[in-house]
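Order of the sequence lines sets the chain letters (A, B, ...), proteins ahead of strands, with each chain counted from 1.
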Number of protein chains: 2
Amino acid sequence: MNVKYKDILKEKGIRPSIIRLSVYTYFKENGGHHTVDFIYNELKDVLPTLSKTSIYNVLSLLVEYQLFKVVNIDQMETQYEIVSDEHSHFKCRVCNELFDIPCQHVHLNNEELNGYTIENQDLLFTGVCPKCNNKEKENE
Amino acid sequence: MNVKYKDILKEKGIRPSIIRLSVYTYFKENGGHHTVDFIYNELKDVLPTLSKTSIYNVLSLLVEYQLFKVVNIDQMETQYEIVSDEHSHFKCRVCNELFDIPCQHVHLNNEELNGYTIENQDLLFTGVCPKCNNKEKENE
DNA sequence: GTCCTTGCAAAGCGTTTGCACAGAA
DNA sequence: TTCTGTGCAAACGCTTTGCAAGGAC
């Protein structure tokens, strides 16, 4: 399994060190968006000499090679996710959790574009997630 | 002119201190999105004893009373803007400037919503702005 | 007098940097 | 040996906090 991931890194021109492979594997197997701190805590038991600096390095590298994407929401800690299908994010203002929402990209017409070259777009919804909605209903 | 703004603050239940009124007036007259540091530097000549803490306080207050909105883009310093019409943001990756783009909100269909209550949405485009596009063309 | 506002200094916290050591090619 | 990767500690920059002084009512 890891061999597969190793090859993906190699193909991209990234030398598959243990830390790089571990980080990449973690995201591949678990999905989602995670902070440096979270990944550090997830991997430090398996890699006892691990440092947060290395997590910063590896994640920056994976972003640079366009395997990962940075997710910046509000003043929250920076999160990272694997580059994948078009989707948007939903942040619950009650539990602060961040969800992926399937969502097509917006297509602006030419008058609006007006000379701008759009290379990327990020859509963020804020509100209340299903779980917190249910809790509020229970309390009524 | 400031009297008008004074009344807007009063109506919202905000006591119009000099700093609050100055900050609010600055945004009303100049528009756009600005950082704490920028506003501090714009106002410190008029208000010599001004501190950044006060700018933080005032902007947080204006956000709390829903006159202002927080704009967080990438790892850039937090910016603030007056709550106004629906629009999205465009960040130029060359000059790093942030532009307002007129843009209707996205409306998801019910299957996608799936129990989520959407209260707000922010759309961010990234790419190259017209000015930087022209510069690139000149260099070709 | 009481409450709200202001401003300084310090603390906090995520992130980056410098540098030396370790490891791979 | 040379180049790349790693990890510690310190520095950095934005933001928040504690607290005391000032000002409004």
Side-chain angles (χ1 to χ4, degrees), chain A residues 2 5-6 9-10 12-26 33-65 67-81 96 98, chain B residues 5-7 9-10 12-26 33-65 67-81 96 98:
Chain A
N2 276 8
Y5 299 145
K6 206 180 215 171
L9 296 184
K10 278 188 187 167
K12 275 275 179 176
I14 299 172
R15 283 208 278 183
S17 72
I18 297 175
I19 302 180
R20 287 168 182 173
L21 191 55
S22 304
V23 170
Y24 189 70
T25 301
Y26 187 90
H33 12 65
H34 305 292
T35 64
V36 166
D37 195 67
F38 179 85
I39 295 298
Y40 171 72
N41 282 299
E42 287 294 301
L43 297 183
K44 73 167 183 229
D45 295 333
V46 192
L47 307 167
T49 68
L50 188 63
S51 72
K52 274 192 195 173
T53 306
S54 295
I55 304 294
Y56 277 104
N57 288 338
V58 169
L59 288 172
S60 301
L61 190 83
L62 291 167
V63 169
E64 191 189 326
Y65 280 78
L67 286 167
F68 280 25
K69 233 185 116 172
V70 173
V71 184
N72 274 107
I73 306 287
D74 300 348
Q75 300 92 321
M76 293 171 85
E77 263 177 274
T78 299
Q79 305 198 42
Y80 297 82
E81 66 181 15
N96 277 320
L98 190 65
Chain B
Y5 298 146
K6 206 179 213 169
D7 289 342
L9 295 184
K10 278 186 185 168
K12 275 276 180 177
I14 299 172
R15 282 207 279 183
S17 72
I18 298 176
I19 302 180
R20 288 169 182 173
L21 191 55
S22 304
V23 170
Y24 188 70
T25 302
Y26 186 91
H33 12 66
H34 306 293
T35 64
V36 166
D37 195 67
F38 179 85
I39 295 298
Y40 171 73
N41 283 300
E42 285 294 302
L43 298 183
K44 72 169 185 229
D45 295 333
V46 193
L47 307 166
T49 68
L50 188 63
S51 72
K52 275 192 195 172
T53 306
S54 296
I55 304 294
Y56 277 105
N57 287 336
V58 169
L59 288 172
S60 300
L61 190 82
L62 291 167
V63 169
E64 191 189 326
Y65 281 78
L67 286 167
F68 280 26
K69 233 185 115 172
V70 173
V71 184
N72 274 108
I73 306 287
D74 298 349
Q75 301 93 321
M76 293 171 85
E77 262 176 275
T78 299
Q79 305 198 42
Y80 297 82
E81 67 182 15
N96 277 320
L98 190 63

Is it the case that the side chain of A:S22 and the backbone of A:I18 share a donor-acceptor pair, with hydrogens and angles ignored and the cut-off at 3.5 Å? yes
Evaluate the side-chain proximity of [Y] to [X]: yes if any heavy-atom separation is below 4.5 Å, no if none is.
X     : Y     : value
A:N72 : B:N72 : no
B:V36 : B:L59 : yes
A:Y24 : A:V58 : no
A:V70 : A:T78 : yes

For B:T49 and B:Q75, find the nucleotide of DNA chain C closest to each by heavy atoms; which residue's nucleotide sits nearer the 5' end? B:T49
5' priority, DNA chain C, between A:M76 and B:Y40 [closest heavy atom]: B:Y40
Rounded to whole Å, how long is the line connecting atom [atom1] of [X] with atom [atom2] of [N]?
X     : N      : atom1 : atom2 : answer
B:I14 : D:dA24 : CD1   : P     : 19 Å
A:I19 : D:dC8  : CD1   : C1'   : 13 Å
A:L50 : D:dG5  : CG    : P     : 16 Å
B:L59 : C:dT6  : CG    : C1'   : 15 Å
B:L47 : D:dG22 : CG    : P     : 18 Å
B:I18 : C:dT5  : CD1   : C1'   : 11 Å
A:K6  : C:dA24 : NZ    : P     : 12 Å
A:D74 : D:dC14 : CG    : C1'   : 16 Å

Any side-chain N or O of [X] less than 4.0 Å from the OP1 or OP2 oxygen of [N]?
X     : N      : result
A:T78 : C:dG14 : no
A:S54 : D:dG7  : yes
A:R15 : D:dT4  : no

Of all the choices, [options], which nucleotide is nearest to the side chain of [X] once you look at every atom?
X     : options               : value
A:E77 : D:dT15, C:dT15, C:dT6 : C:dT15
B:R20 : C:dT6, D:dT6, C:dT5   : C:dT5
A:Y56 : D:dC8, D:dC14, C:dT16 : C:dT16

Hey, does B:T53 reach any base, or is it just sugar-phosphate, or nothing, if we go heavy atoms under 4.0 Å? base
